[in-house]
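Have a look at the structure below, then the notes.
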Amino acid sequence: MENYLNLLNPPQQEAVLQKEGPMMIIAGAGSGKTRVLTYKIAYLIQQGVDPFQILSLTFTNKAAREMKNRIAGVVGESEAKNIWMGTFHAVFAKILRFEADKLGFPSNFTIYDTDDSVKLITSIIKELQLDKEIYKPKQVFGRISKYKNNLITVKAYYNSPELIEADNAAMRPKMGEVYQQYVDRCFKAGAMDFDDLLLRTNELLARFPEVLAKYQNRFRYILVDEYQDTNHSQYLIVRALADRFQNICVVGDDSQSIYAFRGANIQNILNFQKDYADIKIFKLEQNYRSTKNIVSAANSVIENNKTKLDKTIWTGNDEGEKIKIIQTHSEAEEGNFVASSIFENQMQHQLQNTDFAVLYRTNAQSRAIEEALRKKNIKYRIYGGVSFYLRKEVKDILAYLRLIINHNDEEAFKRIINYPARGIGQTTIDRLIVKANELNVSLFYIAENIEKIDVGINSGTRQKLSDFAMLIKSLKIFSQTDDAFEVANQVVNKTFLINELKKEDAFESTGRIENVEELLNGIRFFIIEQQDLADGDTSLTNFLQNVALATDFDKEDPEAKNTVSLMTVHMAKGLEFKVVYIVGLEENLFPSAMSINTRSEIEEERRLFYVALTRAEIKVYVTYSLYRSRWGQFNDTEPSRFIEEIDDKYTEFIGKQKNNNNSSRTSSFLKPDIFETKNPVIQPKISINIPKNLKKVSEIKPKTQGEIANIQMGSFVIHETFGKGEVLSLDGTGPNRKAEIKFENAGIKKLLLQFAKLQLI
DNA sequence: TTTTCAAGAATTTTT
DNA sequence: TTCTTGAAAA
């Protein structure tokens, strides 16, 4: 006990030793928050609290796993494993499975991801014959999500003149109808979307006092991490559960609240003091992570925000180097700078790839960085973006598994009813939907009973539908005796999915088949992992739930060892790196063009920048580019206001003097050894397509009209990614001229000559 | 019903 | 530039 208390500073100790009652820990960036939480829970257990009575809610699954491991290190595995620890979504999904029947859901309900939700809404909008230009599915979904996060049910919606007025003003008078349909269809499909996991939990606790009492009694100690990013729905769950014993400890940092766009309400943390009587507040203000320069720079930025709690972050660490600000002329040059600088830093300071992170505002920015890192042979891993489980071939198999578990899952049904192609087209599906709505049954039910129900479909198609239903039912029977891995295997075999993938062109299909194999391995791994767990659950249902709630961090990539991390600033929350590059600091990008209209939006963007800065331990580089290509065209940009906001005591400009009127837009100041490539000469505001390889003039000769003309049948050519190949045939003229080329390693491809960057040999 | 081709949109951030 | 969607053709 004493041994770990010695590892804590006074405010940390106080926070750990405060056992009972409501408390709030304001934990600045890098102030040892995880350490405090870990020891706090360990302390509770050592004080005799049953781990079973502790509920700890974290922001990511990864954070939960790590904390559990650390706690196990202090109090032992057998104690630690009984703590309820996970994200809001994961923990309450688990509880909802226990209690599902009370709400009329099957215990093996499906969790719809955003993709599924948007597709269902698209379908509903079409069925209601609404204009999808006005009822944009994504926006409609966003709207519904907002209602749900604020506990506005369909009924509450119809009782709110303001909301109806707002939707009318947006030319969407049928919003309520769409909402109603969406909720009904999810219910009928036995499906909950992400927001439902919280909303339905609230419903459960509100409607069933005995259930509320049960969980209030169980969870006598509740801890919530990243409290600044909880939404109203989460807030209410926490309040309800903590109401009886009031042993509620919330941890957070208002300066790091960055999820307002998905309903996070910063007021939850700002008003926590008003919610409970006799609340204890602890402030962790000493930063152990970063240098003085970084902490001061970050402080000077966040100073510009009006809405915040009073605290002063300081550090006893070294002065460190100033924040380096770099101007470039294109995102390619930006990427090259990052790559070269990583390389230099590695040489000078003996750093590993894992010590570096490149952070950006939008996922699309990763491309230029990737390209540059690849050129320099620096290994990297991208977090976020299109996650593994969202890839088409993976989702297809998951859809089979989902339908096997839950026959009513509408989105899964629609996804695979004609994949692989069974000759069941859109017309048939539309008829099924109409009939299903009419009879208030699921699509699968109609397919299953197609001979008994008159849907107006010819006998050939009817046969195909009942064959499909039989296939799913036989797999269901199989799933009752065999484990998830075997079932997935059966799916792949019985549907000949691999053959289907092989039909596609060779280059893509290998990757897809690998993904399928990876998925199967993942399932096997999951089963083994669960078997090791005390309360392990190897069921297919549990696997699917894990997948639905998994993020990129939760999937180990065995090949990705010692890599530079590339991710959005959002994903970087809670992480730390020795050297951090923050790229694309331009107006309309960071801050995003979507978030510069109101003060609170700008403040959130500023907090986001604050989060980015405070990820770094020893060095920060901030870059911006004078030109950035968007949709294949170059546009000029303005440096971000946030650069100005860093007190210039803590910054140094590389390559350009700040406010130096003499400095030209060319890079005469740039150290030649930093930039391996020549800067492209680009005129402002001219929208021309500049091929990426322009900068590699020395290596690849830009193709001329003459060269394209020289390509003919039988020519041998080299392609950047596909390698060496032979031209089999040519057709089309001018910009449409294309060649069919047989590549040695990539098979036969049809390529447009104007884009293919072919080199004659 | 399926395949192909052209037009148009797309980029905020995620459980 | 790349991806998705919708209409036309097979």
Side-chain angles (χ1 to χ4, degrees), chain A residues 57-64 86-93 111-115 117-118 122 126 132-133 136-138 142 145 148-149 192-198 226 229-231 233-234 257-264 359-368 383-387 389-390 392 418-419 421-429 458 460-461 464 545-554 567-573 584 588-596 601 604-605 607-608 611-612 628-634 687 689-692 732 736 750 752 754-755:
Chain A
L57 297 165
T58 56
F59 197 70
T60 62
N61 299 304
K62 189 184 169 216
T87 62
F88 273 90
H89 292 85
V91 166
F92 295 113
I111 297 172
Y112 273 178
D113 64 22
T114 307
D115 240 40
S117 299
V118 171
T122 310
K126 198 168 141 201
K132 68 177 185 330
E133 290 307 308
K136 292 195 171 156
K138 269 189 195 158
S145 173
K148 288 187 177 177
N149 286 154
M192 296 198 198
D193 66 16
F194 290 134
D195 304 316
D196 285 332
L197 294 176
L198 306 174
E226 308 280 8
D229 280 324
T230 50
N231 63 33
S233 194
Q234 293 167 321
S257 167
I258 54 176
Y259 279 95
F261 73 92
R262 75 172 204 219
L359 309 180
Y360 34 79
R361 181 64 180 82
T362 66
N363 281 305
Q365 287 166 262
S366 69
R367 235 173 242 187
Y383 294 86
V386 177
S387 117
Y389 296 115
L390 293 178
K392 186 189 170 299
N418 199 31
Y419 184 83
R422 301 187 170 84
I424 299 168
Q426 195 55 50
T427 327
T428 306
I429 295 170
N458 68 45
T461 312
K464 290 171 191 161
Q545 171 171 315
N546 266 269
V547 165
L549 300 177
T551 62
D552 239 28
F553 285 119
D554 301 320
M567 66 186 88
T568 62
V569 183
H570 281 91
M571 288 221 87
K573 189 166 84 158
N588 296 322
L589 182 59
F590 199 170
S592 159
M594 317 291 282
S595 310
I596 48 178
E601 282 175 348
E604 174 142 326
E605 293 285 311
R607 291 192 293 268
L608 197 54
V611 168
R628 186 166 295 273
S629 66
R630 227 170 116 238
W631 304 330
Q633 299 193 324
F634 267 88
S687 294
N689 294 334
I690 298 174
K692 288 228 173 74
N736 293 321
K750 267 193 180 166
L752 276 174
Q754 69 162 332
F755 296 127

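Here is the naming used below: chain letters follow the sequence lines, and residue numbers restart at 1 for every chain. Values below: every heavy atom of this structure, side chains too, minus hydrogens, waters and symmetry copies.
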- Message: Whole angstroms only, please: what is the NZ-C1' distance between A/K464 and B/dT2?
- Response: 11 Å
- Message: I need the CG-C1' distance between A/N231 and B/dT14, as an integer number of Å.
- Response: 12 Å
- Message: How many whole angstroms separate atom CG of A/D229 from atom P of B/dT15?
- Response: 12 Å
- Note on the structure: Checking B/dT1, B/dT2, B/dT15 against the side chain of A/T427 (C-beta onward), the nearest is B/dT1
- Answer whether the closest heavy-atom distance between the side chains of A/K573 and A/T60 falls below 4.5 Å. no
- Using Watson-Crick pairs (N1 to N3, plus N6-O4 or O6-N4) and G-U wobble pairs, both distances under 3.5 Å, which stems of at least 3 pairs involve DNA chain B? B:1-10 with C:1-10
N/O to N/O distances under 3.5 Å, protein versus nucleotides 7-13 of chain B:
{"unit_1": "B/dT12", "atom_1": "O2", "unit_2": "A/R361", "atom_2": "NH1", "d": "3.0"}
{"unit_1": "B/dT12", "atom_1": "O2", "unit_2": "A/R361", "atom_2": "NH2", "d": "2.1"}
{"unit_1": "B/dT13", "atom_1": "OP1", "unit_2": "A/N363", "atom_2": "N", "d": "2.9"}
{"unit_1": "B/dT13", "atom_1": "OP1", "unit_2": "A/N363", "atom_2": "ND2", "d": "3.1"}
{"unit_1": "B/dT13", "atom_1": "O4'", "unit_2": "A/R361", "atom_2": "NH1", "d": "3.3"}
{"unit_1": "B/dT13", "atom_1": "O2", "unit_2": "A/R361", "atom_2": "NH2", "d": "3.2"}

- Please tell me if the side chains of A/L197 and A/F92 come closer than 4.5 Å, counting only heavy atoms from C-beta onward. no
- Aromatic rings A/F59 and A/Y259: how do their planes relate, parallel, tilted or perpendicular, breaks at 30° and 60°? tilted
- Task: Kindly give the heavy-atom pair with the smallest separation between A/T58 and A/A63, and that separation in Å.
- Result: CB-CB, 4.2 Å
Produce the list of close N/O pairs, under 3.5 Å, pairing protein atoms with atoms of nucleotides 3-7 of chain C; give distances to one decimal.
{"unit_1": "C/dG6", "atom_1": "OP1", "unit_2": "A/K132", "atom_2": "NZ", "d": "3.2"}

- Item | Trace of the side chain to side chain contact (heavy atoms under 4.5 Å, CB included) decision for A/D113 with A/Y389 | CA-CA 10 Å; A/D113 64 22; A/Y389 296 115; over 6 Å; no
- Query: How long is the line joining CD of A/Q633 and C1' of C/dT2, in whole Å?
  - Reply: 14 Å
- Query: A/H89 and A/L198: side chain to side chain contact (heavy atoms under 4.5 Å, CB included), yes or no, with the steps?
  - Reply: CA-CA 7 Å; A/H89 292 85; A/L198 306 174; 3.9 Å; yes
- Taking OP1 and OP2 of B/dT2, is either one under 4.0 Å from a side-chain nitrogen or oxygen of A/N418? yes
- In whole angstrom, give the distance that lies between atom CG of A/L198 and atom P of B/dT14. 18 Å
- Starting at the 5' end of DNA chain B and moving along, which residue's nearest nucleotide shows up first, A/R262 or A/T428? A/T428
- Message: In whole Å, I'd like the distance from the CG atom of A/N61 to the P atom of B/dT15.
- Response: 8 Å
- Query: A/D115 has an atom CG; how far is it from atom P of B/dT14, in whole Å?
  - Reply: 14 Å
- Looking at side-chain heavy atoms only, is the closest gap between A/D195 and A/N231 below 4.5 Å? no
- Note on the structure: Note: A/A572 and A/L359 closest approach over all heavy atoms is CB-CD2, 3.7 Å
- Item | A/T122 vs A/K132 side-chain heavy atoms within contact, under 4.5 Å | no
- Message: Which heavy atom of A/Y112 sits nearest to which heavy atom of A/S117, and what is that distance?
- Response: CB-OG, 4.0 Å
- Item | Rounded P spacing from B/dT11 to C/dT2 in Å | 15 Å
- Write down the distance separating the P atoms in C/dT4 and B/dT13, rounded off to the nearest Å. 15 Å
- Going by heavy atoms in the side chains, are A/K392 and A/Y419 under 4.5 Å from each other? yes
- Query: For A/D195, which contact category applies under a 4.0 Å heavy-atom criterion: base, sugar-phosphate, or nothing?
  - Reply: nothing
- Which whole-number value in Å describes the distance from A/L57 CG to B/dT15 P? 16 Å
- When you measure from the side chain of A/E605 to the backbone N and O of A/S592, does any donor-acceptor pair fall under 3.5 Å? yes
